[in-house]
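Working notes for the structure below.
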There are 2 protein chains.
Amino acid sequence: MRRVTRDIPQSPRSSAAGDDADYIRARIAWYYFAGGLTQQEIASLLGITRLRVNKTVGQLRSDGSVRIEIRLPLSDCVVMEERLKERYGLAEVRVVPSMGENGDAQRVIGEAAGEMLEARIRDGIGVAVGWGRTLSFAMTHLRARDFSGAWVASLMGGLTRGSGTNTFEVATALAGQLGSDCYYLAAPIYVPTAQSRDLLVSHHGLAETLRRLRSADLAFVSCGDMSPLSLLIQTQTVTENIQTLRDAGAVGDLLGYFLDAEGRIVDHPLNERVMAISPRELAAIPDSILASGGAYKAPVVRAVLRAGYVKRLVTDEACAAELLK
Amino acid sequence: MRRVTRDIPQSPRSSAAGDDADYIRARIAWYYFAGGLTQQEIASLLGITRLRVNKTVGQLRSDGSVRIEIRLPLSDCVVMEERLKERYGLAEVRVVPSMGENGDAQRVIGEAAGEMLEARIRDGIGVAVGWGRTLSFAMTHLRARDFSGAWVASLMGGLTRGSGTNTFEVATALAGQLGSDCYYLAAPIYVPTAQSRDLLVSHHGLAETLRRLRSADLAFVSCGDMSPLSLLIQTQTVTENIQTLRDAGAVGDLLGYFLDAEGRIVDHPLNERVMAISPRELAAIPDSILASGGAYKAPVVRAVLRAGYVKRLVTDEACAAELLK
DNA sequence: GCCCCGATGTTACATCTGTAATATTTATCT
DNA sequence: AGATAAATATTACAGATGTAACATCGGGGC
């Protein structure tokens, strides 16, 4: 566990250049998004290339420096939110429209989840976070306020062979945004054997992080399905076990634990080796947000909801429709 | 004075078609702004023409259904805000970047002013509003909440020969957004003679509106300069008097009253015929926002600030720079 | 019933935008 | 100083976007 202070955004800029670049960024943001000037106009106004303007605009969009708020609720979605709340006894549900094949659902869900998360952050709060693409999108949509009294901890171990995504990225980013402390469950998500799990837990700060996690006020998690697209499935450890997991009735994972259609942890050796708090412990956390969508994830999401592991849900139309069938 | 209920947005839609069109609008908003789909993709997804998507996107942008928030403060502007606050003893100042020749300053200032206004609205509040292009832009940037206990009244009479802009539009729109009552100063801004002014005031609901105005909690106004671009200057009544007004030392108007560089009402017959509350009465309203910008308006704005007629200011860089000279 | 109006579709085109491949500058490290 | 990496400029181009002119459709008012 380390203290994270402020290593989030476009960092490696030195002295004068950094200020200048930030200044240009801010000006571009205003001229383009508020003023509606054309990229070429901005370029000549600022004496830089259109290309640079173009790139900066792209950055601004994705790094959350400009945020677009849509004030037109989609009636269908609102209806589904209510029905989901009632059907699964949830405290809050947000359904966003599904985007066709292209513009990926993950991002839109993540952004909506970020808003829900932001609304629940308060000073002194302890937040337990998982990882995954959806969650990392949420990070761009948080307003960076200072909550130095708060703390963040990662709910689950990391991947050793990082496939592009740093698995602690979400926790780091959140702690950075909040200016709060961050505790890592610095271990692989799957340890070699059940014994080594016990060994690790007794060791190090892992025990402390786990203790902290159990006293968290809010959990922010996603879940994975069984398709080869899933981040978790791509890890070697899981790939080796995928067939036996399927045979055991697994429909997907929550915090690395594979669940059956009813949300029960399936009987499989892999589930003995997970370095993360258990779904049952997750359910004991006072408040929690599950962010997952896409029709193909509906089976896992349904499993998680049926078992009552989480209190709030952010998903998309396609998944919501499946959940309501 | 009339009750305004809800006649703001894209109104003249009948029964089924209206719902359908709104539904399409909402979907387009999500697909385009949240999902980042291309207009063509959206068109085929929804089975409509790309053109229609294109037009709708344009509407969404300008009617405030989607709102873009920029989270990068421009250091220059922030500095000027502080200096203006100190120099003119203001409670709050907002300075937005000036847009080059194109993308008009009015809109950006208006939008910022809308945000400041929104922040100050509370249930039961009485808001006195003026009119002008800048203010009408502010209306698109208000979140429509319900403040049925609030009321809105127009601060000044209207133009009889409407040059495109309905002068009560701002009051109507604001009342509509708030779902509150709206009182109009239903008279021309310049009445024929000083006597007819007294006559009108004694008559009708005008007296009541004026009484209300004086008990308003918040005023939302703009001011005009002496250039031919100014809405007010374009009215025939003023055009006839422009030379004598200049000779009397006028640098612009506030609520139809022409002021000198120190903010004093200039000695001119036209100022006897204004149907509006006086600047002095405006100063007595507990809280007030002046939204005006552009370098060419600096003289009037300075006059208004010097005389202390308003408490808060929203302007742009160019004007702010002049004000600080 | 007929006409007019507004909303939408059709087509065509100029412009703006996103992206890649490549050169040049600038900062940083040894 | 020289080498290296990052940022920025240059050029080129396909695809997306905004706009205009005109056709078509459906409803409401006379």
Side-chain angles (χ1 to χ4, degrees), chain A residues 7-63 65-66 68 70 72 99-104 107 140, chain B residues 7-63 65-66 68 70 72 99-104 107 164:
Chain A
D7 55 7
I8 327 93
Q10 64 301 354
S11 36
R13 291 258 178 60
S14 58
S15 54
D19 297 352
D20 201 47
D22 286 350
Y23 179 80
I24 297 268
R25 280 168 58 79
R27 272 235 169 309
I28 292 176
W30 280 93
Y31 286 152
Y32 191 77
F33 292 101
L37 301 195
T38 195
Q39 298 186 350
Q40 182 57 65
E41 286 170 338
I42 298 172
S44 30
L45 218 50
L46 263 47
I48 57 180
T49 11
R50 185 180 70 80
L51 179 66
R52 185 169 171 196
V53 177
N54 184 294
K55 276 188 177 161
T56 308
V57 167
Q59 278 176 31
L60 289 168
R61 276 209 171 100
S62 62
D63 75 4
S65 297
V66 303
I68 300 179
I70 298 170
L72 297 171
M99 303 295 144
E101 325 247 323
N102 314 9
D104 56 353
R107 187 172 51 71
T140 66
Chain B
D7 55 7
I8 327 94
Q10 64 300 354
S11 35
R13 291 258 177 61
S14 55
S15 54
D19 297 351
D20 200 47
D22 286 352
Y23 179 81
I24 297 269
R25 280 168 60 79
R27 276 225 117 64
I28 291 176
W30 280 93
Y31 286 151
Y32 191 78
F33 292 101
L37 301 196
T38 197
Q39 298 186 352
Q40 182 56 65
E41 286 170 339
I42 298 172
S44 29
L45 219 50
L46 264 49
I48 56 179
T49 5
R50 186 182 70 77
L51 180 69
R52 184 169 170 194
V53 176
N54 184 299
K55 277 187 177 163
T56 308
V57 167
Q59 278 176 29
L60 290 167
R61 275 206 171 101
S62 61
D63 75 4
S65 298
V66 304
I68 299 179
I70 298 170
L72 297 170
M99 303 295 143
E101 326 247 324
N102 313 11
D104 57 353
R107 187 172 49 74

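Within every chain, numbering begins at 1; the chains are lettered A, B, ... in the order of the sequence lines, protein sequences first and strands thereafter.
- Nucleotide D/dT17 holds its C1' atom 18 Å from the CZ atom of B/Arg52, rounded to whole Å.
- Closest approach of A/Leu37 and A/Tyr32 over heavy atoms only: O-CD1, 3.6 Å.
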Which is it for B/Ile70 and A/Trp30 under the side-chain contact (heavy atoms from CB on, under 4.5 Å) test, yes or no, and what are the steps along the way? CA-CA 7 Å; B/Ile70 298 170; A/Trp30 280 93; 3.9 Å; yes
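- Rounded to whole Å, the distance from CZ on A/Arg25 to P on D/dA7 is 12 Å.
- Rounded to an integer number of Å, the gap from A/Ile48 CD1 to C/dT25 P is 18 Å.
- To the nearest 0.5 Å, the span separating CD on A/Gln59 from CG on A/Asn54 amounts to 10.5 Å.
- Rounding to whole angstrom units, CD1 of residue A/Ile24 and C1' of D/dA9 are separated by 14 Å.
- Following rounding to the nearest Å, A/Gln59 (CD) and D/dT8 (P) show an atom-to-atom distance of 9 Å.
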Short heteroatom pairs, N/O only, protein and nucleotides 18-21 of chain C, under 3.5 Å:
unit_1 : atom_1 : unit_2  : atom_2 : d
C/dG18 : OP1    : A/Arg61 : NH1    : 3.4
C/dG18 : OP2    : A/Gln39 : NE2    : 2.7
C/dG18 : OP2    : A/Asn54 : ND2    : 3.2
C/dG18 : N7     : A/Asn54 : ND2    : 3.2
C/dG18 : O6     : A/Arg50 : NH2    : 2.7

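- Bending across the helix from C/dG1-D/dC30 to C/dT30-D/dA1, expressed as the angle between its end axes from five pairs apiece, amounts to 40° (10° rounding).
- When rounded to the nearest whole Å, the span between CD1 of B/Ile28 and P of D/dA16 equals 17 Å.
- Partners of A/Ser65 under the side-chain contact (heavy atoms from CB on, under 4.5 Å) rule, at least two apart in sequence or in another chain, are A/Arg25, A/Leu60, A/Asp63, B/Leu72.
- Side chains of B/Ile48 and B/Ile24 form a contact here, defined as non-hydrogen atoms less than 4.5 Å apart.
- A donor-acceptor contact shorter than 3.5 Å links the side chain of A/Arg107 to the backbone of B/Ala34.
- Residues B/Leu45 and A/Met99 have side chains not in contact (no heavy-atom distance under 4.5 Å, counting atoms from C-beta outward).
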Decide yes or no on side-chain contact (heavy atoms from CB on, under 4.5 Å) for A/Phe33 and A/Arg61, but give the supporting numbers first. CA-CA 10 Å; A/Phe33 292 101; A/Arg61 276 209 171 100; 3.9 Å; yes
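- The phosphate of D/dT17 (OP1 or OP2) has a side-chain N or O of B/Thr38 nearer than 4.0 angstrom.
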